[in-house]
Amino acid sequence: MRDTPNLRIPGPTPVPADVLEAVARPMVDHRGREFAALIGRVAERLKEFYLTKDDVLILSASGTGGLEAAVVNTLSPGDRVLAVTIGAFGDRFAAIAETFGADVTVLPYEWGEAARAEDVSKALAGDPAIKAVLVTHNETSTGLTNPLEEIALVVREADRLLLVDAVSSLGAIPLDTDGWGLDVVVTGSQKGWMVPPGLAFISLSERAWKANESARMPRFYFDAAKHRDLLHKGQTPWTPTVSVFFGLDVALERMAVEGLESIHARHAAIARTVRDGVKALGLELLVADERYASSTVTAVRCPEGVEVKALRTALEDEHGLVVAGGQGKLQGKIFRIGHLGLVSEDDIRHALGALAAVLPRVGFNIPVGR
Ligand SMILES: Cc1ncc(COP(=O)(O)O)c(C=O)c1O
């Protein structure tokens, strides 16, 4: 057993000790000079990770708040929207748009499959009234990364808005906001950023700000224009989660030291170790086409005769390994191993060792020779 649990869920992710220490700092005046310097610093740093020249707004909310902000700040009730969905979070993005009165057409895929740019292109060509496309970059429920750059290309060609859920990708998987022409990009502090839950980040392109001027969906707490105006004064419209900002400051410094490319390479290498490891145990990945397998979370089919709940309980109780179950229609069918943010090859070796020890006891015989 390790001293601390091996938290291998796709968020909240483990938080480094120096970030935890920062989170415990005494409060400051959120309208004072120290906070102004802090928010200015982290907002500038975030732009480097987003690869954007535009402002990155920092909302005190979880990722879902960021998705809601993306929708309500760019659209009006009745606007036609194409929601590309490959899993639970794609469905959620569509549901948010519907809740606020958008006229949503869903482009659904089997859970475990990637979206295809040509389908998006066809859907847009067939419906010139579609104003915006919603897409999940990394579908956490299935462990799949969509070919976002290709999708963005066809959305740009069709000249529509592209709103991206990058909650479990940004900061861990390559994403080029300005280079790919992404209009709104949302992520959350508790994922690749190694920070506790409590902050959502959202960028808006010039096109998105233009849409914002005429967007009539109701909004108050997540009003992007208010957040932008106050950000320029070193503040937020409402009381922010100050402690999480303290943590973010330290985490972004760590990430800057490691460097974006090294971070991406580490995630890709670790994900490969996870996939090779689970396959070596005789298990099957949900994502059959590994070109789309996520670098931040791996979904593994639970073998016949094994109960996901029993497996997870034994892993946690006997080995201090915490993995996630399936969501929605994949509940009871898969388990998911998170490997984003603070994660090392050692963590993965421990996780694979725990699986090898527990699987035979919960009903799965690891094939001989593995
Ligand atoms: C892809 C994706 N989108 C949205 C969310 C929702 O974020 P939150 O739970 O922080 O509201 C998550 C969280 O797991 C996610 O992985």
Side-chain angles (χ1 to χ4, degrees), residues 7-15 50 57-72 83-99 108-109 111-115 133-148 151 162-175 182 184-203 221-222 240-241 244 247-248 251 267 271 286-287 292-299 322-328 330-331 334-341 343:
L7 186 63
R8 299 272 55 98
I9 61 171
T13 60
V15 177
Y50 266 74
L57 311 178
I58 306 174
L59 315 173
S60 289
S62 77
T64 306
L67 297 182
E68 180 172 320
V71 168
V72 300
V84 181
T85 173
I86 62 166
F89 291 104
D91 287 357
R92 185 181 299 182
F93 213 175
I96 292 169
E98 242 161 31
T99 300
Y109 290 86
W111 288 26
E113 274 184 22
V133 177
L134 314 182
V135 70
T136 317
H137 184 202
N138 185 76
E139 180 50 76
T140 319
S141 67
T142 61
L144 191 143
T145 305
N146 265 324
L148 180 59
I151 293 169
L162 180 56
L163 316 188
V164 179
D165 173 348
V167 171
S168 63
S169 59
L170 197 55
I173 295 174
L175 177 152
L182 312 178
V184 182
V185 179
V186 174
T187 186
S189 58
Q190 82 278 20
K191 303 286 185 179
W193 308 94
M194 304 179 288
V195 177
L199 292 174
F201 315 136
I202 177 170
S203 67
Y221 191 78
F222 293 131
T241 52
V244 191
L248 177 65
H267 281 85
L286 176 71
V287 175
Y292 301 110
S294 167
S295 287
T296 59
V297 53
T298 297
V322 184
V323 298
Q327 289 169 285
L330 289 176
Q331 207 171 14
I334 60 163
F335 64 92
R336 293 172 300 148
I337 303 171
H339 33 85
L340 68 166
V343 55

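Remember, it's 1-based here, ligands and their atoms both numbered in the order they're listed. Position 1 is the first residue of the sequence; numbering continues from there.
In terms of N/O distances under 3.5 Å, ligand 1 is approached by G63.
Of the protein's non-hydrogen atoms, F89 CE2, 3.3 Å is the one closest to atom 12 (C) of ligand 1. Among protein heavy atoms, atom 14 (O) of ligand 1 sits closest to K191 NZ, 2.6 Å.
Screening V164, N138, I173 for a side chain to side chain contact (heavy atoms under 4.5 Å, CB included) with L148, the sole residue that qualifies is V164.
Although no hydrogens or angles enter the test, the distance criterion places a donor-acceptor pair under 3.5 Å between the side chain of T13 and the main chain of K191.
The distance from ligand 1 to the heavy atoms of N138 drops below 4.0 Å at these ligand atoms: 1 (C). Atom numbering of ligand 1 starts at 1 in the shown order; those under 4.0 Å from a heavy atom of S62 are 8 (P), 10 (O), 11 (O).
Within the 4.0 Å heavy-atom shell around ligand 1 one finds Q190. Taking 4.0 Å as the cut-off, E139 does not count as a neighbour of ligand 1 on heavy-atom distance.
The heavy atom nearest to atom 16 (O) of ligand 1, considering only T136, T140, T64, is found in T140.
Considering only heavy atoms from C-beta on, L340 comes within 4.5 Å of H267 through its side chain. Contact annotation: the side chain of V185 approaches that of Y50 to within less than 4.5 Å [non-hydrogen atoms, C-beta and beyond].
Only side-chain heavy atoms of D165 come within less than 4.0 Å of ligand 1; its backbone N, CA, C and O stay farther off.
Of all heavy-atom pairs spanning L248 and V195, the tightest one is CA-CG2, 3.8 Å.
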